[in-house]
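Written out below as C-alpha coordinates is the structure these notes cover.
The figures that follow rest on heavy atoms only: side chains count, while hydrogens, waters and symmetry mates do not. A quick note: this is a predicted structure, and the numbers were derived from the prediction, not measured.
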Amino acid sequence: MNNSLSLLQVYSQVEGNIVSDMDGEKVMLSIQNGKYYNLGEIGGEIWDQIKQPKGMEEIVEYLQTQYDVSKEECTEQVTAFLEQLLAEGLIKIENA
Amino acid sequence: MKRTWNRPKLEILDV
(Lines give C-alpha, C1' and ligand atoms only; values in the text may rest on other atoms or scores of the structure.)
Protein backbone atom coordinates (compact mmCIF):
# COMPACT_ATOMS: atom_id res chain seq x y z
CA MET A 1 0.00 0.00 0.00
CA ASN A 2 1.19 3.49 -0.79
CA ASN A 3 1.68 5.41 2.45
CA SER A 4 2.86 8.73 1.06
CA LEU A 5 -0.46 10.24 2.06
CA SER A 6 -0.95 9.87 5.78
CA LEU A 7 -4.12 8.67 7.44
CA LEU A 8 -3.68 11.55 9.88
CA GLN A 9 -4.08 14.23 7.24
CA VAL A 10 -7.21 15.85 5.86
CA TYR A 11 -7.90 16.55 2.22
CA SER A 12 -9.94 19.33 0.67
CA GLN A 13 -10.70 20.87 -2.71
CA VAL A 14 -8.61 23.73 -4.02
CA GLU A 15 -10.84 26.60 -5.08
CA GLY A 16 -10.95 27.81 -8.65
CA ASN A 17 -12.39 24.85 -10.53
CA ILE A 18 -15.52 24.76 -12.66
CA VAL A 19 -17.26 21.44 -12.06
CA SER A 20 -20.21 19.89 -13.86
CA ASP A 21 -22.03 16.58 -13.76
CA MET A 22 -22.27 14.87 -17.13
CA ASP A 23 -23.77 11.44 -17.75
CA GLY A 24 -23.26 10.59 -14.09
CA GLU A 25 -19.59 11.54 -14.23
CA LYS A 26 -17.99 14.68 -12.89
CA VAL A 27 -15.98 16.81 -15.30
CA MET A 28 -13.89 19.79 -14.32
CA LEU A 29 -12.02 22.75 -15.73
CA SER A 30 -9.12 24.00 -13.65
CA ILE A 31 -8.94 27.77 -13.90
CA GLN A 32 -5.40 27.62 -12.55
CA ASN A 33 -3.87 25.38 -15.21
CA GLY A 34 -6.50 25.46 -17.96
CA LYS A 35 -6.80 21.67 -18.07
CA TYR A 36 -10.00 19.68 -18.38
CA TYR A 37 -10.48 16.58 -16.24
CA ASN A 38 -12.94 13.75 -15.95
CA LEU A 39 -13.13 12.38 -12.42
CA GLY A 40 -15.63 9.68 -13.33
CA GLU A 41 -18.51 8.59 -11.14
CA ILE A 42 -16.67 7.38 -8.05
CA GLY A 43 -14.01 10.05 -8.37
CA GLY A 44 -16.83 12.57 -8.44
CA GLU A 45 -18.20 11.20 -5.19
CA ILE A 46 -14.78 11.45 -3.60
CA TRP A 47 -14.54 15.03 -4.87
CA ASP A 48 -17.88 15.86 -3.28
CA GLN A 49 -16.73 14.32 -0.01
CA ILE A 50 -13.76 16.67 0.25
CA LYS A 51 -15.72 19.86 -0.29
CA GLN A 52 -14.93 20.31 3.39
CA PRO A 53 -11.63 18.98 4.83
CA LYS A 54 -11.98 15.27 5.47
CA GLY A 55 -9.69 12.46 6.58
CA MET A 56 -9.03 9.28 4.62
CA GLU A 57 -10.85 7.09 7.11
CA GLU A 58 -13.99 9.20 6.88
CA ILE A 59 -13.89 9.16 3.07
CA VAL A 60 -13.45 5.39 2.97
CA GLU A 61 -16.21 4.81 5.53
CA TYR A 62 -18.62 6.82 3.40
CA LEU A 63 -17.67 4.97 0.21
CA GLN A 64 -18.14 1.63 1.95
CA THR A 65 -21.73 2.59 2.71
CA GLN A 66 -22.29 3.14 -1.02
CA TYR A 67 -20.11 0.51 -2.70
CA ASP A 68 -19.27 -3.14 -2.27
CA VAL A 69 -15.56 -2.80 -1.51
CA SER A 70 -13.20 -3.81 1.28
CA LYS A 71 -11.63 -1.18 3.50
CA GLU A 72 -8.13 -2.17 2.39
CA GLU A 73 -8.88 -2.02 -1.34
CA CYS A 74 -10.85 1.20 -0.99
CA THR A 75 -8.14 2.92 1.06
CA GLU A 76 -5.41 1.91 -1.38
CA GLN A 77 -7.30 3.07 -4.46
CA VAL A 78 -8.62 6.28 -2.94
CA THR A 79 -5.08 7.11 -1.82
CA ALA A 80 -3.82 6.64 -5.38
CA PHE A 81 -6.65 8.79 -6.73
CA LEU A 82 -5.98 11.58 -4.24
CA GLU A 83 -2.31 11.49 -5.20
CA GLN A 84 -3.37 12.11 -8.80
CA LEU A 85 -5.50 15.07 -7.71
CA LEU A 86 -2.65 16.39 -5.60
CA ALA A 87 -0.18 16.10 -8.48
CA GLU A 88 -2.53 18.21 -10.61
CA GLY A 89 -2.92 20.82 -7.88
CA LEU A 90 -6.64 20.15 -7.50
CA ILE A 91 -6.60 19.38 -3.77
CA LYS A 92 -4.69 20.46 -0.70
CA ILE A 93 -3.57 18.49 2.33
CA GLU A 94 -3.45 19.71 5.89
CA ASN A 95 -2.54 18.05 9.15
CA ALA A 96 -5.58 16.97 11.13
CA MET B 1 -28.04 -2.81 -2.43
CA LYS B 2 -24.52 -1.43 -2.69
CA ARG B 3 -23.16 -0.39 -6.05
CA THR B 4 -20.26 -2.07 -7.84
CA TRP B 5 -16.88 -0.57 -7.03
CA ASN B 6 -14.51 0.53 -9.77
CA ARG B 7 -11.07 2.01 -9.26
CA PRO B 8 -11.39 5.82 -9.27
CA LYS B 9 -9.24 7.38 -11.95
CA LEU B 10 -8.47 10.96 -12.93
CA GLU B 11 -8.64 11.36 -16.69
CA ILE B 12 -6.94 14.41 -18.17
CA LEU B 13 -8.80 15.47 -21.30
CA ASP B 14 -6.55 16.49 -24.14
CA VAL B 15 -8.44 19.26 -25.88
Side-chain angles (χ1 to χ4, degrees), chain A residues 2 11 13-14 17-20 22-30 32-50 56 59-91, chain B:
Chain A
N2 191 332
Y11 314 92
Q13 301 175 2
V14 167
N17 300 301
I18 298 174
V19 183
S20 178
M22 190 173 288
D23 287 349
E25 300 178 21
K26 200 170 289 291
V27 295
M28 178 192 305
L29 166 62
S30 169
Q32 291 188 340
N33 63 24
K35 291 183 182 176
Y36 291 85
Y37 302 93
N38 182 5
L39 283 69
E41 177 192 351
I42 296 177
E45 288 208 48
I46 295 170
W47 178 259
D48 286 341
Q49 284 297 301
I50 57 174
M56 177 67 71
I59 297 169
V60 170
E61 281 179 3
Y62 166 76
L63 291 170
Q64 283 193 285
T65 66
Q66 303 296 314
Y67 294 93
D68 185 15
V69 62
S70 70
K71 182 175 183 178
E72 185 178 49
E73 181 183 13
C74 189
T75 301
E76 180 181 355
Q77 295 186 6
V78 170
T79 297
F81 178 72
L82 289 173
E83 284 182 334
Q84 288 182 295
L85 295 180
L86 184 65
E88 292 295 324
L90 300 173
I91 64 170
Chain B
M1 181 179 289
K2 292 184 180 179
R3 290 174 280 172
T4 302
W5 173 262
N6 292 301
R7 176 185 290 272
K9 187 180 72 172
L10 180 67
E11 182 182 7
I12 302 174
L13 306 180
D14 177 13
V15 295

Please give me the minimum heavy-atom distance between [X] and [Y], naming the atom from each residue.
X       : Y       : result
A/Lys35 : B/Ile12 : CD-CG2, 4.3 Å
B/Pro8  : A/Gln84 : O-OE1, 4.4 Å
B/Leu10 : A/Glu88 : CD2-CG, 3.8 Å

To the nearest 0.5 angstrom, please state how far the [atom1] atom of [X] sits from the [atom2] atom of [Y].
X       : Y       : atom1 : atom2 : value
B/Thr4  : A/Glu41 : OG1   : CD    : 9.5 Å
B/Glu11 : A/Glu25 : CD    : CD    : 8.0 Å
A/Ile42 : B/Lys9  : CD1   : NZ    : 12.5 Å
A/Leu29 : B/Leu13 : CG    : CG    : 10.0 Å

Which portion of A/Ile46 sits near chain B, non-hydrogen atoms under 4.5 angstrom: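 It is the side chain, since no backbone atom gets that close.
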Structural part of A/Leu90 lying under 4.5 Å from a heavy atom of chain B: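 Looking at A/Leu90, just its side chain touches chain B.
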